[in-house]
**Student:** 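One structure, as structure tokens, below. Some questions next.
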Protein chains: 2
Amino acid sequence: MKKDSNGVCLCPLEGIITTISKKWAMQVISALGHHNRLRFNDLMSILDGVSPKSLTDLLKELQKKGLIRREAFPEVPPKVEYFLTDDGKQLCEAIIPLIKWAEKQDDLRQEICNPTCKSTSYSSK
Amino acid sequence: MKKDSNGVCLCPLEGIITTISKKWAMQVISALGHHNRLRFNDLMSILDGVSPKSLTDLLKELQKKGLIRREAFPEVPPKVEYFLTDDGKQLCEAIIPLIKWAEKQDDLRQEICNPTCKSTSYSSK
DNA sequence: CTGTATCCCCAGAGATACTG
DNA sequence: CAGTATCTCTGGGGATACAG
């Protein structure tokens, strides 16, 4: 759909936005960025309230997009680990300006998303 | 939900993602960034296929979030113009890294979103 | 021209129970 | 432990007609 004022085509956004706007998607990305490797039930508890179906659906989506990878260990009981791909890590970097912008907006409106999130901001800022 | 590996809280993203992931949202932002000021029917034709209801819903949402502004002229027939706020313009800037990242992903997969979009890349900035 | 007012539809997300 | 298998439900989005 043409370019925007910066000479940037927005088309590529379609794909990633449909992905990252999925519920829990950014939390998964974030959690994996934070913990490096996590198992299914780890994610289940970090993403408090998510159902197994929703989580598996999401994990498959994220794998398909090449953001995370799955590693299964042939053990009993089963053990599966998920972790970010390099692309996933780069995505984390790419959204930082967006977060900064959003954070600034929130500040202006004195809206606090969540108590656990207070006092959190850019290491620098 | 804590911070990610970069020490960044993802909470602020929630709000903006729910906004920009709305259908046509980025197209509206982009169109306004490109054309500066647009009228309702201009947007209707640029966003080919959108219904008036969907468009008005979206425009209200974007106004509420402070991304665009509406100016009505007391004329007959009515005339209304929409344009980006400074925040809206800053949002355009903030998503550039994300677009660049997404564009790179698309290139790797040889996926072309749309013919009109080919040969488009970062002219300068 | 710029929108409301209705009605409809279905994909995404959740709840729950069950399996290899 | 790590998922399926079903079922349900909601609301975002679309179509269409109409109004100021």
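In what follows, chains carry the letters A, B, and so on, assigned in the order in which the sequence lines appear, proteins first and then strands, with residues in each chain numbered from 1. All values below were derived from every heavy atom in this structure, side-chain atoms included, with hydrogens, water molecules and symmetry-related copies excluded.
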**Student:** Using atom types as modelled, flag every donor-acceptor pair under 3.5 Å from a side chain in residues 66-76 of chain B to any protein atom, sequence neighbours excluded.
**Tutor:**
{"residue": "B/E71", "atom": "OE1", "partner": "B/R37", "partner atom": "NH1", "Å": "3.2"}
{"residue": "B/E71", "atom": "OE1", "partner": "B/R37", "partner atom": "NH2", "Å": "2.8"}

**Student:** State which residues pass side chain to side chain contact (heavy atoms under 4.5 Å, CB included) with B/E61; sequence neighbours excluded, sorted by chain then number.
**Tutor:**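 B/E61 satisfies side chain to side chain contact (heavy atoms under 4.5 Å, CB included) with B/T19, B/K22, B/K64, B/K65 only.
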**Student:** Output the distance between atom CD1 (A/I95) and atom CD (A/Q90), rounded to the nearest 0.5 Å.
**Tutor:**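 A/I95 CD1 to A/Q90 CD: 13.0 Å, rounded to 0.5 Å.
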**Student:** When you measure from the side chain of A/H35 to the backbone of A/A31, do you find a donor-acceptor pair of N or O atoms at a distance under 3.5 Å?
**Tutor:**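 Yes; at least one donor-acceptor contact below 3.5 Å.
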**Student:** By salt bridge (Lys or Arg N to Asp or Glu O under 4.0 Å), which residues pair with B/K23, not counting sequence neighbours?
**Tutor:**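 Partners of B/K23 by the salt bridge (Lys or Arg N to Asp or Glu O under 4.0 Å) criterion come out as none, since no residue qualifies.
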**Student:** Round to a whole Å and report the spacing from CG of B/L43 to C1' of C/dT2.
**Tutor:**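 Rounded to whole Å, this separation is 12 Å.
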**Student:** May I have the distance from B/L58 (atom CG) to C/dG3 (atom P), rounded to whole angstrom?
**Tutor:**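 Distance, rounded to whole Å: 13 Å.
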**Student:** With a strict under 4.0 Å distance from non-hydrogen atoms of chain A, what nucleotide opens and what nucleotide closes the contacted stretch of DNA chain D, reading 5' to 3'?
**Tutor:**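 First and last nucleotides in contact are D/dC1 to D/dT6.
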**Student:** What residues in residues 68-77 of chain B put a non-hydrogen atom under 4.0 Å from any atom of DNA chain C?
**Tutor:**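 Hits under 4.0 Å, by residue number: B/R70, B/P77.
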**Student:** What is the distance from atom CH2 of B/W24 to atom CG of B/L43, rounded to the nearest 0.5 Å?
**Tutor:**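 These two atoms lie 11.5 Å from each other.
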**Student:** Would you say C/dC1 has OP1 or OP2 under 4.0 Å from some side-chain N or O of B/R39?
**Tutor:**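 So the side chain of B/R39 is outside the cut-off, no N or O lying under 4.0 Å from OP1 or OP2 of C/dC1.
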**Student:** Quick one: does A/M44's side chain get under 4.5 Å of A/V50's, heavy atoms only?
**Tutor:**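 Yes, close enough: below the 4.5 Å cut-off.
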**Student:** If every non-hydrogen atom of A/L13 is compared with every non-hydrogen atom of B/A102, which pair is closest and at what distance?
**Tutor:**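 Minimum heavy-atom separation between A/L13 and B/A102: N-CB, 4.5 Å.
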**Student:** Can you tell me if A/Q63 uses its side chain to pair, donor with acceptor, with the backbone of A/L59 under 3.5 Å?
**Tutor:**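 Yes.
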**Student:** Tell me, for nucleotides 10-20 of chain C in 5' to 3' order, what letter each nucleotide earns: B for a base near a protein heavy atom under 4.0 Å, S for only sugar-phosphate near one, - for neither?
**Tutor:** ---BBBB---B
**Student:** Give the angle between the helix axes at the two ends of the helix from C/dC1-D/dG20 to C/dG20-D/dC1, taking five base pairs at each end and rounding to 10°.
**Tutor:**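 It comes to 50° between the two terminal axes.
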**Student:** What pairs with B/D42 under side-chain hydrogen bond (donor to acceptor under 3.5 Å, both in side chains), at least two apart in sequence or on another chain?
**Tutor:**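 side-chain hydrogen bond (donor to acceptor under 3.5 Å, both in side chains) check on B/D42 returns nothing, list empty.
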**Student:** Honestly curious: do A/F83 and A/F40 fall in one hydrophobic cluster under the side-chain, below-4.5 Å linking rule?
**Tutor:**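 No, separate clusters.
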**Student:** Could I get the full list of side chain to side chain contact (heavy atoms under 4.5 Å, CB included) partners for B/P78, not counting sequence neighbours?
**Tutor:**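 Result, side chain to side chain contact (heavy atoms under 4.5 Å, CB included) vs B/P78: none returned.
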**Student:** Expressed as a whole number of angstroms, how long is the span from B/R37:CZ to C/dC1:C1'?
**Tutor:**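 It works out to 17 Å between those atoms.
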**Student:** Considering residues at least two apart in sequence or located in another chain, which fulfil the side chain to side chain contact (heavy atoms under 4.5 Å, CB included) criterion with A/S51?
**Tutor:**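 Residues passing side chain to side chain contact (heavy atoms under 4.5 Å, CB included) with A/S51: A/K53, A/S54.
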**Student:** Between C/dG3 and B/Y82, is there an OP1 or OP2 to side-chain N/O distance shorter than 4.0 Å?
**Tutor:**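 Affirmative; the distance criterion is met.
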